[in-house]
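Following: one structure in structure tokens, then a few remarks.
Throughout, a chain's letter reflects where its sequence line sits, starting with A, and its residues are numbered from 1.
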Amino acid sequence: MIKYNPKKIEQKWQDAWYKSSVFKAKNGSKKKKCYLLVEFPYPSGVGLHVGHCRSYTALDVVARKRRMQGFNVLYPMGWDAFGLPTENYAIKKKVHPAVVTKKNTDTFRRQMKSLGWSFDWSREINTTDPKYYKWTQWIFIQLFNNGLAYKSKIDINWCPKDKIGLANEEVIDGKCERCGTKVEKREKEQWMIKITKYADRLIKDLDNVDYLEKIKTQQKDWIGESHGALIKFFVEGVEEHIDVFTTRVDTIFSVTFLIVAPGHNFIDKYKSRIENIDEVLKYREDAKNVSDMDRTNQDKEITGVQLKGIVVRNPATNEEMPVWTADFVLEHYGTGAVFADAHDKRDFKMAKKYGIPLRTSIKPDDELLMQKVKNLEECFEEEGTLYNSQQFDDLKSAEARPKIIMWLAGKGLAQPKVSYKLRDWVFSRQHYWGEPIPMIFCKKCGWQAVAEKDLPIELPNVKKYKPTDTGESPLALIDKWVNVKCEKCKGQAKRETDTMPNWAGSNWYYLRYLDPKNNKELADGAITKYWMPVDWYNGGMEHTTLHLLYSRFIFKFLWDIKAVPTIVGPEPYKKRTSHGMVLGEGGIKMSKSKGNVINPDTIVKQWGADTLRIYEMFMGPFEQMIPWDTKGVVGSRRFVEKIYNLAGKKVAVKTSESLEKILHKTIKKVSGDIELMKFNTAVSSMMEFVNAWQVSEEGLDKKGLADFLKILSPFAPHLAEEIWSGMGFKEMCCEQKWPKYDEKLIEEENVLLIVQVNGKVRDKIEAKAGIAQKDAEKLVLKSEKIKALIGDKKSVKTIYVQNKLINIVI
RNA sequence: GCCGAGGUGGUGAAAUUGGCAAACACGCCGGACUCAAAAUCCGGUGCCCUUAAAAGCUUGAGGGUUCAAGUCCCUCCCUCGGCACCA
């Protein structure tokens, strides 16, 4: 018998697959299509992560199964290669980022091929390829032309020593990651994308897709839709009102002061009227250096400053009230201003601290609590019944709200309003390694898009990749590139030197796989119509709020402007699932600095790709994060090797009935588990089958072995092909039909009945399947154990669950 | 802090969704084979008491619902993901 040698087997079958192009997806085939997508990796210098191996193997299992089920499968791969790590590496080592990227993608590709994933490599894409980012730039121009891209002043993190803008990730405890200098905020003109215009659709359309519930929840919470009202608070002495957004208009009769965010433009506009403006501006500066998270932290000590000299009128009571500023009110949520009363914990605390008068207008049902609330000993935030609220007294909060809004609206003081937490998307980066933003600024004509015929605007070669001392991207230093003629007036104009964020390229990549070489459009309409939407998209939970939302938004936009055929519908992904991270041994994150990174190459070399694939699927539940355990890999290798050895010797003329039964159960279990992403139990059921095979006297016949290899092949494809071809078949195992199981064979004749007395298991009795309660009771009473337990006590009740359990209560 | 996920043997975990807790695998213990070791094969392995059998206990902590709770409800503790310029 030849010893199992994965190195030989695996290379051989990888060559055979790629040579015969069995994994090539055919555009416009008559077959039913199935588009499976995994998030394409950022090709970092560390190489492929064992976490990639988990999710890519999982969808590879699905892809291989779907092909065997007769689908025309598209399972593509590419590189999301623009970004900070490569740029930082380039700055440090003085190599061109493109050179680094080439090296890294080569490594990734080699590693991926060594795992036998069934990607259609003829469709490989790379976001840093000008032929690709031509279309990323084209999308930006469409956004601009449709009024969805605009310039706005935004604070960025600024390191005064390094003189560069920093990503949030590069700011540790308010200090620059590299030099430890305290990070400042600096205002900068940035390109913004109006994703907020799509907020409602991004929520509503979730009803029509099959995403894991937790993914839908996270998306909804991120968008943060809330229904309420916009209320006008008129400022005494000027023709001006401060708008407040609230969801709790029912509390308006208890409102005693107003709070505006420190950055609210009312402060700028009425500087001269605010008596303590210096103090207010100082407070604003301090607030700038605190993150939103810290500002809104419920446990934080509340601070605030009154805008002295400013008085507004409560539109409901007509009373005069002071205006304050406090940092827990955020500029970019709602209108940047809130009304404050005793029915909000933070307002309550703030009023107590600064001696601002408080009043209540909502009462709880509980009398005792009511007294405390009335005496301002406790803050009542829930809904309740209104009082102190004039004609709205005795209404429940929910009933009162629309009535109060109507009443105020009648006086022109309020209107219903839906507000979102979602903010517009900052789209500029002052970096080299990103897509140049295809815009030109002319002093006379303003911002204009580059002509489409001039796309792509390629990244010019520079010597230094570090941002300039003024914080601009290094592109700003290349006069020849920056200075252009205005398309309209032919006068002097300048190119935008900022580049796009990493998300720009990953927003629409799933469309490019369909038609990766098209130079006339993103992707051909007919081809897009055939393949879209993506049938199943798997990715990390960490991408749920940003990448997933951004790409859904961009797709909707492309659909709106008919860059995607209408028939496809407004959602890019039919189904979205997520995988858990693979952690290092001991449950800590794998990282270069901790030295606990597992290189898949090592595992493939030592154990083989099939073993790695099986281990990745077997290690634990797919959705859950899981620590890597090199010791555990050996179990998967034993399993793989056991199959190889058994196939070489335990082949029977006819499989025994009992083994056949187990085989059919296994086919059913594996088929179902793949759909539910329960890969770990799919593998364990195959292990159980192999154990049964091993101890069986006769062994497995040719038909049985063939069926088993078919269900094994998505998990351990090389091994399956090897044994398959050894059985004398001409075609490959991966091209076979997925096997069916016989339901009759699975049915059990006898069942083990659990016998409980007072809910405790006391005995187990074998009985005919489908036995009636009466007969079961008779059977049970024959048991000596049960007889002894019951004795002369009377049974009160008997619970019977067919084929499972009988519980006698005495 | 807010939103989301999770907590079961020495370890990774399983449990038909309210019906035998611990399948499968790692590890460990014992045995076979071997001069020996590795590999392989066979047997054992939640905890406690015990020669053994039987009983008892056990799913982060506490309480509740139920004939029956890892699973449902309430309170609390801990770990992880996201928090808008990492990808």
Can a side chain N or O of [X] be found less than 4.0 Å away from OP1 or OP2 on [N]?
X        : N      : value
A:Arg638 : B:rC26 : yes
A:Arg762 : B:rA54 : no
A:Lys214 : B:rG81 : no
A:Asn680 : B:rA14 : yes
A:Gln624 : B:rA13 : yes
A:Lys678 : B:rA15 : yes
A:Lys631 : B:rC26 : no
A:Lys345 : B:rC2  : no
A:Gln694 : B:rC41 : yes

query: When only distance counts, do a donor and an acceptor, one from the side chain of A:Asp221 and one from the base of B:rC3, lie under 3.5 Å apart?
result: no
- request: Would you state whether a donor and an acceptor, one from the side chain of A:Lys764 and one from the base of B:rC20, lie under 3.5 Å apart?
  value: yes
field: Pairwise 5' ranking along RNA chain B for A:Leu583 and A:Asn168, keeping only the more 5' one
entry: A:Leu583
Looking for any heavy atom pair under 4.0 Å, which part of the strands does [X] touch: base, sugar-phosphate only, or nothing?
X        : result
A:Val171 : nothing
A:Ile215 : nothing
A:Lys216 : nothing

Whole-Å gap separating [atom2] ([N]) and [atom1] ([X]):
X        : N      : atom1 : atom2 : answer
A:Ile754 : B:rC67 : CD1   : C1'   : 16 Å
A:Phe618 : B:rC24 : CZ    : P     : 10 Å
A:Gln218 : B:rA5  : CD    : P     : 8 Å

task: Determine whether A:Val670 and A:Met686 make a side-chain contact, defined as any pair of heavy atoms from C-beta on separated by less than 4.5 Å.
output: yes
